[in-house]
Amino acid sequence: MCIAPDVKLGKDVRLSTFINLYGCQIGDETKIGAFVEIQKNATVGKRCKISSHTFICEGVTIEDHVFIGHGVTFVNDSYPRATIADGQLQTEADWKVETTLVQQGASIGSGATILSNLVVGAHAIVGAGSVVTRDVPPRTIVAGNPARVLRAISTEQGAPNERQ
């Protein structure tokens, strides 16, 4: 386990082995699986489950009660480059972090890729293997590459956290 001293862990957070956390914040009662990396300036809310082999980069905010499946990747740069115009390697000063928000109660299936500058709405479900390229409306199921809306989710089906 590699947990930097600047990580803010909530109460009763459960951490697996082989994780890399630095400069991030994890809410109460959240579970982090093995082989997960969460970068600086990323936030994970309360009672979330982050499954193994997931990458949560800088600029990602995950609200409470969110499920993230195995091998989910978040992206924070729409136009990644290794070098600047003169051929020198880029540094942090050469790019701007782009944000992503996953709202309360959403679920993201295994193997999904979530691009930057978008919102996954409250209680939405992203199908396994999807590539999310634009906002996902609340209470909808999306799937595919690119992810498309399949159907709406009724209150009874999609919001168990609201009934607690």
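Just so it is clear, the structure is predicted and the values come from calculations on it, not from any experiment.
- With sequence neighbours excluded, the residues satisfying side chain to side chain contact (heavy atoms under 4.5 Å, CB included) with Ser110 are His70.
- Contact of the Ile38 side chain with the Asn20 side chain is not registered, since no non-hydrogen atoms from C-beta on lie closer than 4.5 Å.
- Side chains of Ile68 and Val66 form a contact here, defined as non-hydrogen atoms less than 4.5 Å apart.
- When side chains are defined from C-beta on, Cys57 counts as touching Asn76, because their heavy atoms get closer than 4.5 Å.
- Between Thr133 and Leu118, the closest side-chain pair of non-hydrogen atoms is not below 4.5 Å.
- Within the structure, salt bridge (Lys or Arg N to Asp or Glu O under 4.0 Å) pairs that include any residue of residues 94-113 do not occur (at least two apart or interchain).
- Within the structure, salt bridge (Lys or Arg N to Asp or Glu O under 4.0 Å) contacts touching residues 31-43 (residues at least two apart or in different chains) are Lys40-Glu92.
- Using a 4.5 Å heavy-atom cutoff, the side chains of Cys24 and Ile26 are in contact.
- Between Val13 and Gly27, the closest heavy-atom pair is CG2-O, 3.2 Å.
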Mind running side-chain contact (heavy atoms from CB on, under 4.5 Å) on Thr113 and Leu115 for me, showing each step along the way?
CA-CA 6 Å; Thr113 300; Leu115 299 187; 4.2 Å; yes

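- The side chain to side chain contact (heavy atoms under 4.5 Å, CB included) search around Ser130 returns Val126, Ala143, Ala147, not counting sequence neighbours.
- For the side chain to side chain contact (heavy atoms under 4.5 Å, CB included) test, residues two or more places apart in sequence or in another chain that qualify with Phe18 are Phe35.
- Of all heavy-atom pairs spanning Ile84 and Gln90, the tightest one is CG2-CG, 3.8 Å.
- In summary, the side chains of Asn41 and Glu58 do present a donor paired with an acceptor at a separation below 3.5 Å, with no hydrogens or angles considered.
- Of the inter-residue distances, the one linking Ile32 atom CD1 with Thr17 atom OG1 reads 13.0 Å to the nearest 0.5 angstrom.
- Inter-residue side-chain proximity for Ile50 and Phe67 is flagged as unmet; no heavy-atom pair is nearer than 4.5 Å.
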Residues Ile108, Phe74; criterion side-chain contact (heavy atoms from CB on, under 4.5 Å); working and verdict
CA-CA 11 Å; Ile108 299 177; Phe74 288 86; 4.1 Å; yes

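- Taking all atoms of both residues into account, the shortest heavy-atom contact from Ser16 to Ala34 is CB-N, 3.3 Å.
- Contact detail for Val72 and Ile114: the closest heavy-atom pair is CG1-CG1, 4.4 Å.
- A 4.5 Å side-chain heavy-atom check between Lys49 and Ser51 finds at least one atom pair inside the cut-off.
- Side-chain contact check for Ile56 versus Ile62: some heavy-atom pair is nearer than 4.5 Å.
- For Ala4, the side chain to side chain contact (heavy atoms under 4.5 Å, CB included) partners at least two apart in sequence or on another chain are Asp6, Val7, Tyr22.
- With hydrogens and angles ignored, the 3.5 Å screen pairs a side-chain donor or acceptor of Thr30 with a backbone N or O of Gly45.
- A distance of 8.0 Å separates CG of Leu21 from SG of Cys2, quoted to the nearest 0.5 Å.
- Listed by first then second residue, pairs satisfying salt bridge (Lys or Arg N to Asp or Glu O under 4.0 Å) with a partner in residues 15-30 read Glu29-Arg47, not counting sequence neighbours.
- Minimum heavy-atom separation, Gly121 to Ala106: O-CB, 3.7 Å.
- A distance-only check finds no donor-acceptor pair linking the side chain of Thr73 to the backbone of Gly111 [under 3.5 Å].
- For residues 66-86, there are no salt bridge (Lys or Arg N to Asp or Glu O under 4.0 Å) pairs, not counting sequence neighbours.
- Atoms CD1 and CD1, on Ile125 and Ile141 in that order, are 4.5 Å from each other to the nearest 0.5 Å.
- Grouping the Ile, Leu, Val, Met, Phe, Trp and Tyr side chains by contacts below 4.5 angstrom, directly or via other members, places Phe55 apart from Val44.
- One distance of note links CD of Glu63 with NE2 of His65; it measures 10.5 Å at 0.5 Å rounding.
- The hydrophobic cluster around Val119 extends to Leu101, counting ILVMFWY residues whose side-chain heavy atoms fall within less than 4.5 Å of a member.
- Other residues sharing the hydrophobic cluster of Val97, ordered by chain and number and joined by side-chain separations under 4.5 Å: Trp95.
- The two residues Gly127 and Ala112 come nearest to each other via the heavy atoms O-CB, 4.3 Å.
- Residues passing the side-chain hydrogen bond (donor to acceptor under 3.5 Å, both in side chains) test with Asp135: none are found, sequence neighbours excluded.
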